[in-house]
S.K.: 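One structure, as structure tokens, below. Some questions next.
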Protein chains: 4
Amino acid sequence: MPGRGPRPESESPPRWRRRKDARPQEIVAAAMDVFVERGFAAAKLEEVAARAGVSKGTLYLYFPSKDELFKAVIRSAILPNLEQAETLAAAGGGPCFPVLERLLRMVAHLVATTRAAAIPRLVMAEAGNFPDLAAFYHREVIRRAFGLLASLLRRGIAGGEFRPVTVDATVRLIVAPLLMSAVWRSSFDGLDGDAPLDVPALVETHIDNLRRVLLRGAGEK
Amino acid sequence: MPGRGPRPESESPPRWRRRKDARPQEIVAAAMDVFVERGFAAAKLEEVAARAGVSKGTLYLYFPSKDELFKAVIRSAILPNLEQAETLAAAGGGPCFPVLERLLRMVAHLVATTRAAAIPRLVMAEAGNFPDLAAFYHREVIRRAFGLLASLLRRGIAGGEFRPVTVDATVRLIVAPLLMSAVWRSSFDGLDGDAPLDVPALVETHIDNLRRVLLRGAGEK
Amino acid sequence: MPGRGPRPESESPPRWRRRKDARPQEIVAAAMDVFVERGFAAAKLEEVAARAGVSKGTLYLYFPSKDELFKAVIRSAILPNLEQAETLAAAGGGPCFPVLERLLRMVAHLVATTRAAAIPRLVMAEAGNFPDLAAFYHREVIRRAFGLLASLLRRGIAGGEFRPVTVDATVRLIVAPLLMSAVWRSSFDGLDGDAPLDVPALVETHIDNLRRVLLRGAGEK
Amino acid sequence: MPGRGPRPESESPPRWRRRKDARPQEIVAAAMDVFVERGFAAAKLEEVAARAGVSKGTLYLYFPSKDELFKAVIRSAILPNLEQAETLAAAGGGPCFPVLERLLRMVAHLVATTRAAAIPRLVMAEAGNFPDLAAFYHREVIRRAFGLLASLLRRGIAGGEFRPVTVDATVRLIVAPLLMSAVWRSSFDGLDGDAPLDVPALVETHIDNLRRVLLRGAGEK
DNA sequence: AATGAATGAGACTTCATTCAT
DNA sequence: TATGAATGAAGTCTCATTCAT
């Protein structure tokens with residue numbers, strides 16, 4: 001019994017042991033906050049450590065460098081996105097436009113409520129300094145999201161639901177307002193006493209516009 | 001003779017001494033390059049000085065700090081924008097949509113061809129670290145540009161040319177694809193063997209869409 | 001079975017519990033390897049622990065600090081030397097030169113075959129940082145070895161076997177090639193494609209030379 | 001003492017520019033002291049800077065890293081050696097043994113009087129951590145010195161002055177006492193109240209011994 | 001007796017900024 | 001006006017050492 005390792009792990013915590021498996025995630029969460037607030041270069045590991053409630057050295061037990069911690073932050077923000085995308089993609093048959101609507105509202109919600117909305121800005125800002133990370137993000141998030149939308153558009157066009165639009169350009173035009181909103185919120189929002197960006201309203205208008213742009217016979221009435 | 005380094009040092013001053021007024025602009029130009037390539041924090045004044053053909057110390061004759069140099073770079077990228085905006089605003093009477101078209105194509109050209117297209121990304125990336133700069137940019141560039149578009153929309157609506165759209169949201173939806181293009185070009189473009197972003201094509205599709213969205217009676221035909 | 005790691009952990013204790021006395025020696029052995037390979041400062045306790053098959057913390061159950069572990073390593077390399085010395089010293093009466101021969105060949109064998117040959121280099125390298133250790137080594141190893149040789153020389157001289165050489169200097173001249181060989185092997189050996197140092201051959205020549213130098217009437221034939 | 005720049009250095013020269021070309025050498029000299037006293041790893045650049053009378057950052061104006069500074073120190077100690085070697089080699093015709101004598105006394109003088117005598121110990125101590133440096137030293141110093149001695153021996157043998165000794169082994173046996181002396185002086189000298197190593201006396205005995213070993217017909221009288 | 005997660009002092013290194021020339 | 005050698009604060013990263021389990 002003596003030489004036993006740590007973590008009985010489950011039974012009644014008499015003292016409340018430190019949940020060690022949670023450590024990396026706690027650190028990533030703290031790092032996300034600091035990176036989002038300061039940007040990569042201006043983020044100090046000292047502050048990350050302080051917010052995670054650990055010492056500076058502890059960071060290096062889990063991440064070999066600031067770069068890798070940064071990448072871990074970005075990656076950790078990707079998983080939810082991917083799952084989100086899967087969920088959306090699963091919404092099978094029927095008309096396409098309602099799927100598009102749900103999709104846009106979902107992303108709008110994410111943009112409006114989560115702090116991970118600042119991730120795209122981080123990635124774009126540091127793309128030049130982390131080409132591999134930019135490539136990773138591009139491949140795993142952007143391309144996938146674009147592909148999803150492109151499929152949806154093509155299905156709608158094939159089924160006669162959508163007008164025969166230029167798929168690639170339209171995908172970008174669909175995404176742009178959401179991306180801009182995400183970036184906006186973490187850059188200019190609340191400046192100068194302006195009202196904060198009303199993402200839901202923006203998206204509803206966007207959806208209305210898309211209805212006119214995409215649907216056959218829409219717009220005339 | 002113009003872009004030459006420093007110190008003619010000896011021979012008879014050619015009547016007009018080395019245009020000392022050009023110095024700051026040369027420095028700002030060099031700084032813009034470096035900031036755009038590296039981001040604020042990763043930009044080294046050593047490299048700025050080298051590209052400007054001056055010594056590090058000389059930078060401090062014109063700019064009191066790296067921060068101020070950065071701000072000068074951003075501000076210097078604003079002037080052309082403002083003039084651009086004036087020009088556009090001057091396009092007086094007649095139908096509004098063609099004005100909008102010209103405007104979008106003009107910006108698209110800027111985005112596609114100038115390196116200043118990376119400025120918005122810089123500003124957004126450093127907004128958290130330079131709140132006053134973000135505010136300045138927001139006030140002097142964004143608000144002005146948004147105001148311009150809003151006026152145009154209102155005039156079009158009042159004249160019966162445009163449908164009664166939600167002005168604020170529509171302004172953002174008009175701008176978003178251009179902003180996204182600007183950011184995109186300096187972040188992801190050329191990654192993974194993808195074709196580079198075709199900004200003109202994107203803008204033409206955007207204009208087509210806006211025609212359906214904005215113009216009364218458009219779209220049914 | 002012996003060199004195994006820790007933690008039999010569960011099955012019936014095989015009568016004699018894991019020879020706990022062996023632990024410190026296993027650690028010292030592992031530490032010797034690492035110190036020899038890396039030098040004191042560059043040696044990491046992490047690696048020592050890994051090679052000893054224990055955890056880092058365990059080291060501190062046996063040695064209060066890295067310094068003390070280092071000293072233990074050096075001391076552990078002294079014991080065999082001392083025993084060696086005793087053995088040599090025990091080789092009593094008769095002519096002295098054959099004793100010297102055996103002695104040199106014995107040391108040469110140690111230098112050529114054991115990794116402890118790197119100890120002198122370690123001690124010399126760290127003498128400045130561990131004055132007490134250097135003093136200890138000097139007192140317990142060097143002085144003793146020198147004394148042994150000095151006695152032998154004096155006996156030989158007294159018995160008319162050796163010429164009346166300067167004892168102190170001759171002792172050093174006897175030792176130097178062996179010491180140099182030990183250091184050489186752990187520093188330059190195998191560099192640049194050179195053949196490795198042939199210690200036995202070197203010692204045989206050394207013995208030949210010493211025969212001419214020490215023995216009365218030697219050399220003329 | 002306040003925010004002043006760099007050292008006016010002291011008295012009168014009221015303008016007297018900073019001898020900037022001397023800087024690197026001053027730094028190397030200071031670094032040699034610290035490396036010799038502490039060893040590579042335990043040497044602190046802070047202390048090097050302090051002894052050189054410059055700031056820490058200044059070191060990096062001249063040497064890109066601690067490693068490179070170390071290598072520069074070693075290399076700087078090689079030049080004199082090489083020149084020394086050239087001088088020795090230039091000692092042309094005539095009998096060989098006197099040349100050998102002069103050579104040994106010269107090196108003995110270096111060992112006894114200069115602080116660079118500690119360089120071999122440094123190189124040997126760090127050979128494992130700086131293989132390229134060890135190879136460099138081996139190639140540029142050791143091999144050259146060995147070659148010089150080997151030539152001398154061969155010439156002496158060919159001329160009938162020397163007995164037909166094994167050249168390689170003999171070279172090492174000639175060098176060993178000097179190398180050991182150099183190492184000794186920076187490791188054990190003065191320990192325990194012993195008298196410091198009398199290098200000249202040692203070398204004279206060594207020369208006497210070599211006379212018996214090398215010269216034809218020597219020793220019998 | 002043993003573990004290994006956690007610590008934090010300390011080292012190297014960078015770079016914006018200064019100032020004598 | 002211009003230089004560039006020099007500075008030193010600050011940041012990243014390492015690793016000997018500790019301690020709750």
Side-chain angles (χ1 to χ4, degrees), chain A residues 1-8 14-15 17-18 20 23 41-49 53-67 69, chain B residues 5-7 9 17-18 20 23 41-49 54-67 69, chain C residues 5-7 9 17-18 20 23 41-49 54-67 69, chain D residues 3-8 15-18 20 23 41-49 53-67 69:
Chain A
M1 209 62 80
R4 270 228 285 88
R7 244 155 332 146
R15 217 55 59 75
R17 77 203 65 257
R18 200 137 64 284
K20 124 174 100 143
R23 264 297 137 77
K44 293 181 244 180
L45 291 189
E46 183 119 41
E47 191 175 358
V48 172
V54 301
S55 73
K56 246 185 314 177
T58 300
L59 302 182
Y60 287 85
L61 293 178
Y62 299 99
F63 305 95
S65 69
K66 190 185 183 184
D67 282 27
L69 176 56
Chain B
R7 252 157 328 156
E9 188 79 343
R17 78 203 59 243
R18 163 165 28 74
K20 62 185 158 196
R23 237 334 116 71
K44 292 181 235 178
L45 291 192
E46 182 115 42
E47 191 175 358
V48 172
V54 300
S55 74
K56 243 192 313 181
T58 300
L59 301 182
Y60 285 84
L61 295 177
Y62 298 99
F63 305 94
S65 72
K66 190 185 184 185
D67 283 25
L69 176 56
Chain C
R7 254 155 326 157
E9 185 77 345
R17 79 202 59 244
R18 158 164 34 71
K20 63 186 158 194
R23 236 336 116 72
K44 293 181 236 177
L45 292 192
E46 182 114 43
E47 191 174 357
V48 172
V54 301
S55 74
K56 242 194 312 182
T58 300
L59 300 182
Y60 285 84
L61 295 177
Y62 298 99
F63 305 94
S65 70
K66 189 187 185 184
D67 283 26
L69 176 56
Chain D
R4 268 225 289 83
R7 252 130 324 129
R15 222 51 62 76
W16 226 208
R17 81 197 64 256
R18 199 138 63 281
K20 91 181 131 175
R23 265 295 136 79
K44 292 180 245 181
L45 292 190
E46 182 120 40
E47 190 175 357
V48 172
V54 300
S55 74
K56 247 185 312 177
T58 299
L59 302 182
Y60 287 85
L61 292 178
Y62 299 99
F63 305 95
S65 70
K66 190 185 183 184
D67 282 27
L69 176 56

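Protein chains get the first letters and strands the later ones, always in sequence-line order, with residue 1 at the start of each. Keep in mind that the numbers below use all heavy atoms, side chains included, and drop hydrogens, waters and symmetry copies.
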S.K.: Could you list the residues that satisfy side-chain contact (heavy atoms from CB on, under 4.5 Å) with D:Ala41, not counting sequence neighbours?
M.R.: C:Ala41

S.K.: Would you say that C:Arg23 contacts C:Val54 through its side chain, given a criterion of any heavy-atom pair below 4.5 Å between the two side chains?
M.R.: yes

S.K.: In whole angstrom, what separates C:Tyr62's OH from E:dT3's P?
M.R.: 9 Å

S.K.: Roughly how many Å is it from CG in D:Leu61 to C1' in F:dT3, rounded to a whole number?
M.R.: 14 Å

S.K.: Can you tell me which stems involve DNA chain E, if a stem is defined as three or more consecutive Watson-Crick or G-U wobble pairs, both distances under 3.5 Å?
M.R.: E:2-21 with F:2-21

S.K.: Could you pull out all residues at least two apart from D:Ser55 that satisfy side chain to side chain donor-acceptor pair (under 3.5 Å)?
M.R.: D:Thr58

S.K.: Below the 4.0 Å mark, does F:dT7 have OP1 or OP2 next to a side-chain nitrogen or oxygen of D:Ser55?
M.R.: yes

S.K.: With sequence neighbours excluded, what pairs up with B:Tyr60 under the side-chain contact (heavy atoms from CB on, under 4.5 Å) test?
M.R.: B:Leu45

S.K.: Would you give a per-nucleotide map of nucleotides 11-17 of chain F, 5' to 3', where B means the base has a protein non-hydrogen atom under 4.0 Å away, S means only the sugar-phosphate does, and - means neither?
M.R.: SSBBSBB

S.K.: Taking atom P of F:dG4 as reference, at what distance in whole Å does atom CG of B:Leu59 sit?
M.R.: 12 Å

S.K.: Quick one: list whatever passes salt bridge (charged side-chain N to carboxylate O under 4.0 Å, His left out) with D:Lys56, sequence neighbours left out.
M.R.: D:Glu46

